[in-house]
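Note on naming: letters A, B, ... go to the chains in the order of the sequence lines (proteins, then strands), and numbering restarts at 1 for each one.
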Amino acid sequence: MKMSVRRSGTFLLQTSPHSHLVASSRFRSLTTETKQGDYPSPTQTQLPKDQKLTDIVDEICKITRTKPRWENTLLSQYPSFNFSDPNFFLLYLNHQNNSFLSLRFLHWLSSHCSFSPDQSSCNVLFDALVDAEACKAAKSLLDYPGFTPKPASLESYIRCLINGGMVEDALDVFVTLKKVGFLPSVSTFNASLLACLKVGRTDLVWTLYERMLESGIVASIDVETVGYLIKAFCAENKVFNGYELLRQVLDKGLCPDNTVFNSLIAGFCKERQYTRVSEILHIMIAMKCNPDIYTYQEVINGLFKRKNAEGFRVFNDLKDRGYFPDRVMYTTVIKGLCDIGLLGEARKLWFEMIQKGLVPNEYTYNVMVYGYFKIGDLVEARKLYEDMCGRGYSENAVSYTTMISGLCLHGRTDEALSLFREMSEKGVACDLIIYNSLIKGLCQKGKLVKATDLLNELLVKGLEPSVSSFTPLIKRLCEVGDTEGAMRLLKDMHDRHLEPIAGTHDYIIIGLCKEGNFVQGMEWLLNMLSWKLKPKEQTFEHLIDSLLQEDRLDDILVVLDLMFREGYRLKESIIHSLVCKFSKENLHLPNLCLEELV
DNA sequence: ATAGGGTTAG
């Protein structure tokens with residue numbers, strides 16, 4: 001392939017007979033962009049003294065560790081290259097399959113000598129960057145004043161952005177295109193919807209869908225689009241809306257992808273609407289959209305996750321019908337069985353899968369180790385863990401977490417801590433979950449100092465703490481009578497915009513009561529209720545107990561009323577002390593209250 | 001594409 005460049009500004013490419021074999025799309029865009037007459041006149045860029053463009057590019061090459069290639073190519077083959085025009089260089093570098101170098105060069109020029117690239121150089125470079133999936137680099141090019149890519153390039157840019165997960169930027173581009181009256185294809189819209197789902201931005205799914213409706217593309221909206229909408233509903237826990245949408249699609253004689261059905265199944269499992277789950281399965285079969293391994297995986301997983309032993313039945317049914325579960329399904333069922341306390345059955349499956357030639361992997365080992373910990377068989381858990389390590393599965397944060405939290409569960413915090421140290425020695429990154437597990441374990445063992453140290457350590461490491469980093473500490477602090485310390489942590493949570501779980505407030509209230517601070521305890525209880533949080537029965541009991549000791553009979557009546565409204569009843573021992581107290585004070589419990597007591 | 005860690009809960 002030969003390239004001839006003339007000083008006049010025309011930039012032509014002569015292709016050799018075999019060039020079509022090597023022509024990349026990047027190259028094609030170069031040829032289209034540089035048609036005769038299309039190329040602008042050289043810019044008058046003032047370079048810093050004694051600097052040649054070649055030197056600059058050489059310099060950038062050094063920084064970016066790229067090889068400059070012009071000695072052999074540019075200088076020998078293109079003697080007529082216009083060395084004073086940066087735009088030529090841009091195109092040339094780009095043509096050398098080095099759009100990044102080209103971009104660096106462009107940035108250098110514009111920051112050092114107020115160079116502004118011409119439209120066609122930018123176009124070519126932009127397309128090349130988009131082609132190379134370099135969405136951030138392409139985006140930086142858009143900052144050049146006056147540069148407006150062609151609509152088709154922008155549509156490709158959308159694809160590039162969504163592949164890089166930059167969905168928000170992609171949505172902005174849709175707006176830009178709308179302004180110039182360009183309508184992207186349905187497939188671009190669809191791909192963007194999918195990308196929004198992947199990054200968990202269902203809000204953007206709806207925004208984009210609105211854009212689709214506004215754009216007039218509505219007639220060509222297809223079953224794929226609707227599938228994404230259904231999935232968005234499922235992701236937002238509005239499964240029923242998704243289901244209704246499914247019904248509409250089916251009525252039109254269209255049938256969505258299996259994955260759409262699977263999402264609905266997962267959603268209905270989450271809501272424990274198992275009749276709907278089976279209805280979906282029947283629809284699938286009726287539509288000849290046969291449930292696949294992923295579907296059954298979803299069903300079984302969905303059932304087990306809700307501790308529903310039906311999952312095991314479905315699994316056995318499948319086997320009876322000659323279905324061959326894969327390793328994933330075995331792992332799921334083993335985990336489910338461990339969760340509902342059927343370790344024996346889990347063990348049977350472990351051997352069954354091995355017998356069938358399915359080799360347990362790190363997932364399988366992990367759930368089995370978890371299972372042994374759950375029933376308190378620490379010896380077997382360790383044995384299996386070592387077996388797993390022997391197979392090279394050890395070095396990961398998840399298996400360490402399983403071990404560490406398993407050991408903590410049985411009070412073996414020293415062993416857990418030594419594993420924790422081993423992790424860092426082996427260079428396995430400690431993440432938040434590991435810290436949280438240790439904090440919880442240490443708090444349960446009463447080792448508050450060490451637990452607090454770990455909280456600080458994770459903060460120093462720059463990890464973002466979560467609600468579970470604080471909860472056990474607050475609980476323990478309240479239990480040992482340091483409610484003030486607990487409240488400081490609560491304030492810390494608040495400052496970090498972490499919403500405590502309801503139980504945390506219960507600990508605080510009980511802590512306050514134990515300190516005799518019933519006034520604040522009562523205030524806190526009222527706050528809790530105003531936040532629509534349900535206090536625990538115990539919390540009411542502690543409060544009543546504390547009020548009893550202070551003879552706050554009026555307050556007790558208030559608390560009793562609130563307690564009954566939450567649907568709780570009084571324990572006999574409390575009734576007894578209440579009756580004693582009220583009769584001693586020569587007071588009568590109001591009738592209403594008495595009725596509720598009995 | 002599907003599975004694994006903590007969070008709830010004695």
Practice prompt. Would you indicate, yes or no, if dT8(B) has its OP1 or OP2 atom less than 4.0 angstrom from a side-chain nitrogen or oxygen of Lys536(A)?
Written response: no
Worksheet item: Counting only side-chain N and O atoms of Thr402(A), is one of them less than 4.0 Å from OP1 or OP2 of dG5(B)?
Response: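 For dG5(B), OP1/OP2 do not have a side-chain N/O of Thr402(A) under 4.0 Å.
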Between [atom2] of [N] and [atom1] of [X], the distance in whole Å:
X         : N      : atom1 : atom2 : result
Lys307(A) : dA9(B) : NZ    : P     : 13 Å
Tyr330(A) : dT2(B) : OH    : C1'   : 17 Å
Leu358(A) : dA3(B) : CG    : P     : 17 Å
Asp292(A) : dA3(B) : CG    : P     : 13 Å
Tyr393(A) : dA3(B) : OH    : P     : 18 Å
Tyr323(A) : dT2(B) : OH    : P     : 16 Å
Leu442(A) : dG6(B) : CG    : P     : 15 Å
Ile300(A) : dA3(B) : CD1   : P     : 12 Å

Just wondering, more than 12 heavy atoms not from [X] lying within 6.0 Å of its [atom1]?
X         : atom1 : answer
Lys461(A) : NZ    : yes
Lys198(A) : NZ    : no
Arg347(A) : CZ    : no

Options [options], nucleotide nearest the side-chain atoms of [X]:
X         : options                 : result
Gln297(A) : dT2(B), dG4(B), dG5(B)  : dT2(B)
Ser437(A) : dG6(B), dG4(B), dG5(B)  : dG6(B)
Tyr363(A) : dT2(B), dG4(B), dG5(B)  : dG4(B)
Thr331(A) : dG5(B), dG6(B), dA3(B)  : dA3(B)
Lys305(A) : dA1(B), dG6(B), dG4(B)  : dG4(B)
Tyr507(A) : dG10(B), dT2(B), dG4(B) : dG10(B)
Lys440(A) : dT7(B), dA3(B), dG6(B)  : dT7(B)

Practice prompt. Mark yes or no: Lys475(A) above the aromatic ring of Phe470(A), with NZ or CZ under 6.0 Å from the six-membered ring centre and no more than 45 degrees from the axis.
Written response: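 No; the conditions do not both hold, so Lys475(A) does not lie above the ring face of Phe470(A).
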Worksheet item: Within 45° of the six-membered ring axis of Phe304(A) and under 6.0 Å from that ring's centre, is NZ or CZ of Lys335(A) located there?
Response: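 Judged by the rule, Lys335(A) and Phe304(A) form no cation-pi pair.
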If you look at every strand shown and take non-hydrogen atoms under 4.0 Å, does [X] touch a base, only sugar-phosphate, or nothing?
X         : value
Val467(A) : nothing
Ser466(A) : base
Glu298(A) : nothing
Lys198(A) : nothing
Ile434(A) : base
Ser468(A) : base
Asn301(A) : sugar-phosphate

Item to complete: Determine the interatomic distance between P on dG6(B) and the same-named atom on dG10(B); round to the nearest Å.
Response: 15 Å
Discussion item. Are Tyr243(A) and Phe240(A), when compared by the centres of their aromatic rings, separated by less than 6.0 Å?
Written reply: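 They qualify: ring centres under 6.0 Å apart.
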Fill in: Sole candidate of Tyr296(A), Tyr323(A), Tyr330(A) that passes ring-ring contact (aromatic ring centres under 6.0 Å, His included) when paired with Phe315(A)
Tyr330(A)
Worksheet item: Has the side chain of Asp431(A) got a donor or acceptor that lies under 3.5 Å from a partner of the other kind on the base of dG5(B)?
Response: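 Yes, the side chain and the base share a sub-3.5 Å donor-acceptor pair.
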Discussion item. For dA1(B), does the base pair up with any side-chain atom of Asn258(A) as donor and acceptor (N or O, under 3.5 Å, distance only)?
Written reply: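 In this structure, the two groups form no donor-acceptor pair.
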